[in-house]
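Let me begin by presenting the structure, written as structure tokens, before commenting on it.
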Amino acid sequence: MQRYSGFGLLKNSVQHHENWQRAWRNPTPKKHYDVIVVGGGGHGLATAYYLAKEHGVTNVAVLEKGYLGGGNTGRNTTIVRSNYLWDEAALLYEHAMKLWEGLSQDLNYNVMFSQRGVLNLGHTLQDMRDIQRRVNANRLNGIDSEVLDTQGVQKIVPFMDCTGNTRYPVLGASWQPRAGVARHDAVAWGYARAADALGVDLIQQTEVVDMLMENGTIVGVKTDRYGEIRANRVGCVVAGNSSVLAKMAGFELPLESHPLQALVSEPIKPILDTVVMSNHVHGYVSQSDKGDLVIGAGIDAYTGYGQRGSFPTIEHTLQAIIELFPIFSRVRMNRQWGGIVDTCPDACPIISETPVQNLYFNCGWGTGGFKATTGSGHVFAASLAKGEMHPLAKPFSMFRFHTGALVDEHGAAGVAH
Amino acid sequence: MTQLNRLSTGGRINRSKPLRFTWRGQVYSGYEGDTLASALLANGVDVVARSFKYSRPRGIIAAGAEEPNGIVQIGATEATQVPNVRATQQGLYEGLVAEPTSGWPSLEYDLMGAVGKVAGSAMPPGFYYKTFMFPESMWMTYEKFIRRAAGLGRSPIAPDPDRYEKTHQHCDVLVVGAGPAGLMAALAAARGGARVIIADEQEEMGGSLLASRELLDGGPATDWVASVLAELNEHPEVLLLPKSTVNGYHDHNFLTIHERCTDHLADRAPDTQPRQRLHRVRAEWVILATGAHERPLVYGNNDVPGCMTCSAVSSYVQRYGVVPGNRLVVSTSNDGGYQAALDWHDAGRRVVAVIDARRQVASTMADALKDRGITLIEGSAVLNVAGSTRVQSVEVARIDADAHQVIGPVQTLVCDTVATSGGWSPAVHLSCHTGSRPTWRSDIIGFVPGATHEQRLDAGALVGEFSTEGALNSGLAAARQALQALSMSVPEVVVPTLAPVEIMPALALFHVPHTLPTSRAPKQFVDYQNDVTAAGIELSCREGFESIEHVKRYTALGFGTDQGKLGNINGMAITARARGMSIPEVGTTVFRPNYTPVSFGAIVGRDCGPLFDPKRYTAMHEWHVSKGAAFEDVGQWKRPWYFPKAGETMAQAVNRECVATRTSVGILDASTLGKIDIQGPDAREFLGRVYTNAWAKLAPGRCRYGLMCGEDGMVFDDGVTSCLADQHFLMTTTTGGAAGVLEWLEFYHQTEWPELQVYMTSVTDHWATMTISGPNSRKLLGELTDADLSAEAFPFMSWQPMTVAGVPARVFRISFTGELSFEINVPANYGLHVWEALFERGAPYDLTPYGTETMHVLRAEKGFIIAGQDTDGSVHPHDLGMGWAVSNQKPFSFIGKRGMVRADCVRPDRKQWVGIKTRDPSVVLPEGAQGVFDPNAPIPMPMVGHITSSYWSANLNRSIAQGFVKGGHARMGETVYYPLADGSVVEAEICSPVFLDPEGERQHV
Amino acid sequence: MSDNPASSKEQYKAPITDWTGVADGVTGRSPLAHVGFDELAQMTPSDAPVQLREYALKGHLTLRCNPEDAAQTAAFEAVTGLALPTAPLSSVASSDTTVRWIAPDEWLISVPASALFSLQQRLQDALTGHCALVDVSSGLTVFELSGERAVDVLKKCVPVDLHQRHFPAGKVVSTGFAKASCTLRRLNDETFELVVRRSFADYIWLWLQDASLEYGLRVEN
Amino acid sequence: MLSIYCPHCAEHRDEEEFHYKGQAHIARPSDPDKCSDEEWGNYMYFRANPRGIHHEVWVHALGCRKFFNVTRDTRSYQVFESYLIGTSPSITGEQGGQPS
């Protein structure tokens, strides 16, 4: 792998950038792999990378029906935080957070992880009780988190309306300083490049159309472009389309796929230095390094695979943003888009064995997938390598929906994302 | 300043209405009818911006929505600042103040420009992914500097003084675009009797006809436009929306139109008038006549001010009477480019040459050129431009028939303006918003809208009908099709006659070759706003970013505020060539709303400020306000939180209210609780299915507390339901849960048990509810009613109709405080009367109004839960110690029964709800504190449950709390620790959640 | 499902109370009493193209029954003199009674407050079988919006198509009103009746005022 | 934004008047107490979630408050029919399949 550095950049600019290497190969798949990862998004690519790097499993293929990072990895609002309420979720997301810190160096790819902090606002007394509960839990779980009062919030976000004249005044917030944002595409590309360098085959424009099974055990997949490809183990990481793949394997998942929308303003000069999220008025906003206000809210109510959502969601989201930031009223919205998220009834993911032997699913991240990319890939890789679920993944078995051992982050995790 | 580029005649500006405006602090003049761009060009302003990455000087290149460079800040005051306005779309008004959004210290002497020149070569696509990584700790510092360069304009930092309206529209036919196709379609649809909305983004309707040289029915095209508009204006079923952009096309023919009502009039809207209006349109049929955008050619230094599209040049001359230069060179691949030369020439300025990439050109336009003696150079193209803040000359050379190589010597032509045309790209954007993918048509060298499941028709240049005649005919055809589908009569409409035009096919030229390879050639810009070059796109492909989406994301192609209207097709073509594929194989990126940017304010509409969300009030609200109550938001309701007397703190007020209630009598406005009237022969059975406890034997006149669980067995609501008669009940729900509970009940009734005969009606708003509570409550109520209130006649957990203060009432002897209580319900129209009557008689008893805070304290003293505070969706009745409210004897497996006995729900170490008594009675634990058994355990410390409720109890003179503790029910008396944020650890004892009167003696009186 | 014959209604249903039967001197209070419509009526311009009035303190009754039960519909007609409007979104009205279709088995009946008790009694007596009558008088108030720009104001409030072709006089829809809801009935070309919930009445009043700002509003009393 | 036909009000209304209530035709087990944890979990949580034709329950929340079923394509968001609770759809597709 051609190592990236400032010096390399200068050298290449003298050569008119004619000698840059490909970031990854475009290989023809082999007939058999130790592990097939279905889904070339951030989670899938991270899984492949850690399989190769941490477990020495390099005979790995990542099958992507479109282009790398083209699903939710490239469609989210890039928020990274780990201030989750329940121990199981908090430990998983904090595991991810630790991997975010240092990821650029690990991958030799600047993913622009910017720890500018996240505010989760409280607008009602119950909001504040929930914030206290979550912050206390975070602290005892070793996660940086504190409760701010209105003045404390105003100090961090000077242009937000904290006057108390609003419909739902800002009563306070939880504040995670280590949280922030990252450049979403770079995460996928960085993992892809690093995985490729370790020998992983990244197969794009190749859709899995069937699962090959023998005696209740998966032995490979059938693709639209290359026919059958066999493998000892198969891991599916296809956010949004998990139910479709599960159906091929003959089972259902406790999932619904919903559109999740986001929008950006035109780029404006820096005015917002942190991430602001409000569950109560229902919106969140940060400002990208390019200057766009990156804005989102919760998922659309009904299921959909259309990568677009309903206009009222956009309206409600912007109403929330203007309620918080009346000064943005004359700023203009440039673009909106949608991703497909598969949501679990308890707002926590599924990282799990399945009814099919050697077939594993990593899905159900709902609106919270991007921030977990690192940790998700890391624990899923360990599980695929050993054929046994990583301890951090164990609470997220799909079978918890039978026993009732849900990890219910509803209402506790602040706003979606 | 003189308008040195303004012609003395012509154009559609109003020369009798001169306007002054300010650009960069200097006052200029223009005319009514100008855009800011045309006025700037009239005044000879060349440089309007610096580019984002390389800080290169940029001038206006287009005349419409596709303009990538002329992005300015406007606004005369702080509050009226608007960032990123496209100068080509901003109508000029008296006093307009505009500033560039880039360039420091000035546009001419930009410091970053110097950096761009020196370091530009080290900034290929994705350079930041490859750098700024070392050391790790430095990224946040690097980022600070990177962020400094961010953004175009700036946000205002004062609140917006303007109003934005929003309105719902319905129509039979929505016509998007008022060019020849759109106007023709609207005219025909209107004549056919359809309800029509026609919207056009420009300051004036007419589209290409406004700058056309063609004659319609022998007269100027603008005369025809005027006659059509006059007829449409007269039509009662037609809504004309000029200055209105259809910015989004959503599912089921729902479209949004962004109308700029007053942006062309003044800095801010007149009082009471909206600045902008968003139309939310549901259309039976949509006719897209959105036209096409001219593609500029991609050649060396094609961003130097003075480089424009041919159609822009024509627009400025024809519509605004502005010739933006003196010596013009046209470089084109199609007939369309010729009009710029003709217009320029006829305006009396010099056309140096028309360079056509095609050979042996034969067309009507070429003939017109020859008639004027303008030089035509065939088989050639402009390769490169010299100049920095204005074009000084161009390099022209012969290229091969495939337009891939330079095959002749390079000659230099001196000029100050270069107009190019690479053909027309249909504006397919809206057609793509609902998921339709455009299809490539090689005959027109462009993408046209793809198939759709929407009731959508396309017309005009959008479907490759680039000629006026073709556009008119296709507009008419679309209207006919829509009318037929609507079962409306198709009227007689005559298409105006035009002189025949001979057209020669265009040449597919996207990227003009240079004598050097692209990587070494002068910068050839594809996307101006983000400084995306042909070399950058080729590099992206070499590095493996091959999918068009990867190219877009890696290079930022199409990511500007123009969203690639100018550059996307050229970018795709360059990608295709780099990959050895065809353009349709490469495909397009996905176009998404908005077509052009829309103010947040317009999308928000009136749902802001005081109208952001309804405030719901009870019938006694005015009284609470007059008594200085502090309010708590509970759902949308405003509930009194506490009633401070002068000088009282919240704690003092709450303590006083708590003590007064337990010692004499307090009163709570409980009107916000949800109330559902349930009646029918199966009402009792129904209640038994939706509540966890039994209802079969509840006698008329009696009340019972019930818990509601989901199928998972987890508590989600609670309340008292009273038996009004054998088949008639009144259910109460939590304030926040009211709507959800009713819908949930209806869901089970309508979808699971339709055979049950039961009707449910919300009566929340009908009743005003006031609870008087405390030892003197009976005496107080006795003063206002003749009813027998004795314990024998009116026992606990029963209700009676009676007259209270002259008003018929339902009074319930139920208690959430543990005191003797009467919940008085009267029709809300009489709520305030009864409330005031109670106070008239209440003075001797020191009747004390209390709010939600005191209610919380009093119920906590009694160990009553608040659903939503003490529960969170992961708690079943047994966890709460409320197994007494679960009846397993019922024949029907009520909702929640099965769920609460799942394997995980019967674990003995579940977190269970208990009382928490701090060892130090003066310490009030914060709600949300997390308990541990071992405060010295290492982090992550095993947590055993959190505090859900915690108060100072003035009645008990100590703190009280409740919360969850793992296996808590079996740990009475044991110690649990609460490590707090400040580092202290509070030690507490697990106890019963009932702190006061566990036998219930106070309420059974 | 149930075997209980509803032989004695009193046994099964709560006795009907004359909730408006208040003592002398006790007056009801509209949810908008604080607005002071009487004073506003003196202050607002007389030539405004939008007019608004509140019909406060009316009697409102929710009727639930089965439109396919001929005995029930006949009983209704016998009591009220009006045929129960069973077609979706329809209404019938006499001089002092309005009956609005709300759902296939639900109607909202409005009468003068003084007539409510008697109506409720007579309906209760006449209707047989499974049905419900619920007094919701205090839970609702009624606006009447009229004038040449009334439709333009309403278009900012409700998402339904108000064109005469789709929304003729007499039609009733229950729909969203901004972030609240309302039951909307067209009385004639330029006049609409809005029935709104008490706790949202102030919000809807604020919204209507705001929506008519660009045209001008006259409050009538 | 969807336009949904309410079979009770007999006209189309904007989706904002409705609430989505998930997959249709999921019958509550007749004897929950006899269900295993697995069966009960399947009833509560496990869903077809098809990419394609989907039968789902909606309620006209701001209108007549009645529930009904809708057949919709979850990719194109086309709505093919509204039909009453207790009746069967006239349009069905293999899960993930195209409408016939």
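So you know, we letter chains A, B, ... as the sequences are listed, proteins then strands, and number each from 1.
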Heavy-atom cut-off 4.5 Å, strictly under: side chain, backbone, both or neither for [X] against chain A?
{"X": "B:F52", "value": "side chain"}
{"X": "B:V634", "value": "neither"}
{"X": "B:Q563", "value": "side chain"}
{"X": "B:I71", "value": "neither"}
{"X": "B:M140", "value": "side chain"}
{"X": "B:L152", "value": "both"}
{"X": "B:Q636", "value": "both"}
{"X": "B:N530", "value": "side chain"}
{"X": "B:H252", "value": "neither"}
{"X": "B:R907", "value": "neither"}
{"X": "B:P125", "value": "neither"}
{"X": "B:T256", "value": "side chain"}
{"X": "B:A79", "value": "backbone"}
{"X": "B:A981", "value": "both"}

Taking all atoms of both residues into account, what is the closest heavy-atom pair of [X] and [Y], and its distance?
{"X": "B:P83", "Y": "A:R330", "result": "CD-O, 3.8 Å"}
{"X": "B:S121", "Y": "A:S13", "result": "O-CB, 3.0 Å"}
{"X": "B:H433", "Y": "A:R308", "result": "O-CD, 3.4 Å"}
{"X": "A:V331", "Y": "B:P156", "result": "CG2-CD, 4.4 Å"}

Please classify the contact of [X] with chain B as side chain, backbone, both or neither, using a heavy-atom distance under 4.5 Å.
{"X": "A:L318", "answer": "both"}
{"X": "A:L10", "answer": "side chain"}
{"X": "A:L272", "answer": "backbone"}
{"X": "A:E146", "answer": "neither"}

Could you check whether any side-chain heavy atom of [X] comes within less than 4.5 Å of a side-chain heavy atom of [Y], counting everything from C-beta outward?
{"X": "A:Q132", "Y": "B:H946", "value": "no"}
{"X": "B:Y142", "Y": "A:N110", "value": "no"}
{"X": "B:P124", "Y": "A:L9", "value": "yes"}
{"X": "A:F311", "Y": "B:D251", "value": "no"}
{"X": "B:R902", "Y": "A:F401", "value": "no"}
{"X": "B:F600", "Y": "A:R332", "value": "no"}
{"X": "B:R280", "Y": "A:P312", "value": "yes"}
{"X": "B:D872", "Y": "A:R133", "value": "yes"}

Inter-residue atom distance [X].[atom1] - [Y].[atom2], 0.5 Å rounding:
{"X": "A:Q307", "Y": "B:R592", "atom1": "CD", "atom2": "CZ", "value": "6.0 Å"}
{"X": "A:L68", "Y": "B:H550", "atom1": "CG", "atom2": "NE2", "value": "5.0 Å"}
{"X": "B:S950", "Y": "A:R129", "atom1": "OG", "atom2": "CZ", "value": "11.0 Å"}
{"X": "A:R167", "Y": "B:D633", "atom1": "CZ", "atom2": "CG", "value": "5.0 Å"}
{"X": "B:Q930", "Y": "A:D87", "atom1": "CD", "atom2": "CG", "value": "8.0 Å"}
{"X": "A:I143", "Y": "B:I939", "atom1": "CD1", "atom2": "CD1", "value": "10.0 Å"}

Quiz prompt | Evaluation steps, salt bridge (charged side-chain N to carboxylate O under 4.0 Å, His left out), between B:E543 and A:R22 | solution = CA-CA 4 Å; B:E543 287 197 272; A:R22 289 184 65 93; over 6 Å; no

Quiz item: Does a side chain donor of either A:R183 or B:Y128 reach within less than 3.5 Å of an acceptor in the other side chain?
Solution: no

Self-check item: Residue pair A:N26 / B:E546, side-chain donor-acceptor N/O under 3.5 Å
Solution: yes

Exercise. With a 4.5 Å cut-off on heavy-atom pairs, point out which of A:P169, A:S104, A:P270 contacts chain B the most.
Key: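 Heavy-atom pairs under 4.5 Å are most numerous for A:P270.
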
Exercise. Name the option with the most non-hydrogen atom pairs under 4.5 Å to chain B; the candidates are A:H123, A:H402, A:M112, A:R193.
Key: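 Ranked by heavy-atom pairs under 4.5 Å with chain B, first place is A:M112.
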
Heavy-atom donor-acceptor pair, [X] side chain to [Y] backbone, under 3.5 Å:
{"X": "B:K130", "Y": "A:G8", "answer": "no"}
{"X": "A:Q336", "Y": "B:P593", "answer": "no"}
{"X": "A:Q319", "Y": "B:F612", "answer": "no"}
{"X": "B:D160", "Y": "A:I327", "answer": "no"}
{"X": "B:N594", "Y": "A:M333", "answer": "yes"}
{"X": "A:H16", "Y": "B:T518", "answer": "no"}

Exercise. May I have the step-by-step check of side chain to side chain contact (heavy atoms under 4.5 Å, CB included) for B:S155 and A:F159, ending in yes or no?
Key: CA-CA 11 Å; B:S155 167; A:F159 290 111; over 6 Å; no

Quiz item: Hey, are B:R542 and A:E18 close enough for a salt bridge, meaning a charged N less than 4.0 Å from a carboxylate O?
Solution: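 Between A:E18 and B:R542 there is no salt bridge, as every charged N stays at least 4.0 Å from the carboxylate O atoms.
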
Quiz item: Is A:D273 paired with B:R147 through a side-chain N to carboxylate O contact shorter than 4.0 Å?
Solution: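 Here B:R147 pairs with A:D273 in a salt bridge, since their nearest N and O are under 4.0 Å apart.
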
Practice problem: Would you sort out whether B:K166 and A:E315 count as a side chain to side chain contact (heavy atoms under 4.5 Å, CB included), showing the intermediate values? | Solution: CA-CA 11 Å; B:K166 209 185 277 189; A:E315 293 173 296; 2.7 Å; yes

Exercise. Please name all residues satisfying ring pair (Phe, Tyr, Trp, His ring centres under 6.0 Å) with B:Y164, sequence neighbours left out, ordered by chain then number.
Key: none

Self-check item: ring pair (Phe, Tyr, Trp, His ring centres under 6.0 Å) partners of A:Y305, counting only residues at least two apart
Solution: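 None.
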
Self-check item: Check against side chain to side chain contact (heavy atoms under 4.5 Å, CB included), B:D607 and A:H316
Solution: CA-CA 9 Å; B:D607 296 284; A:H316 289 140; over 6 Å; no

Practice problem: Give a yes or no on whether the ring-centroid distance for B:Y129 and A:W189 is below 6.0 angstrom. | Solution: yes

Quiz prompt | Distance flag, aromatic centroids of B:F545 and A:W24, threshold under 6.0 Å | solution =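 Yes, close enough.
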
Quiz item: Do B:E136 and A:F113 pass the side chain to side chain contact (heavy atoms under 4.5 Å, CB included) test, and can you show the C-alpha distance, the side-chain angles, and the key distance before you say yes or no?
Solution: CA-CA 10 Å; B:E136 183 188 338; A:F113 178 45; over 6 Å; no

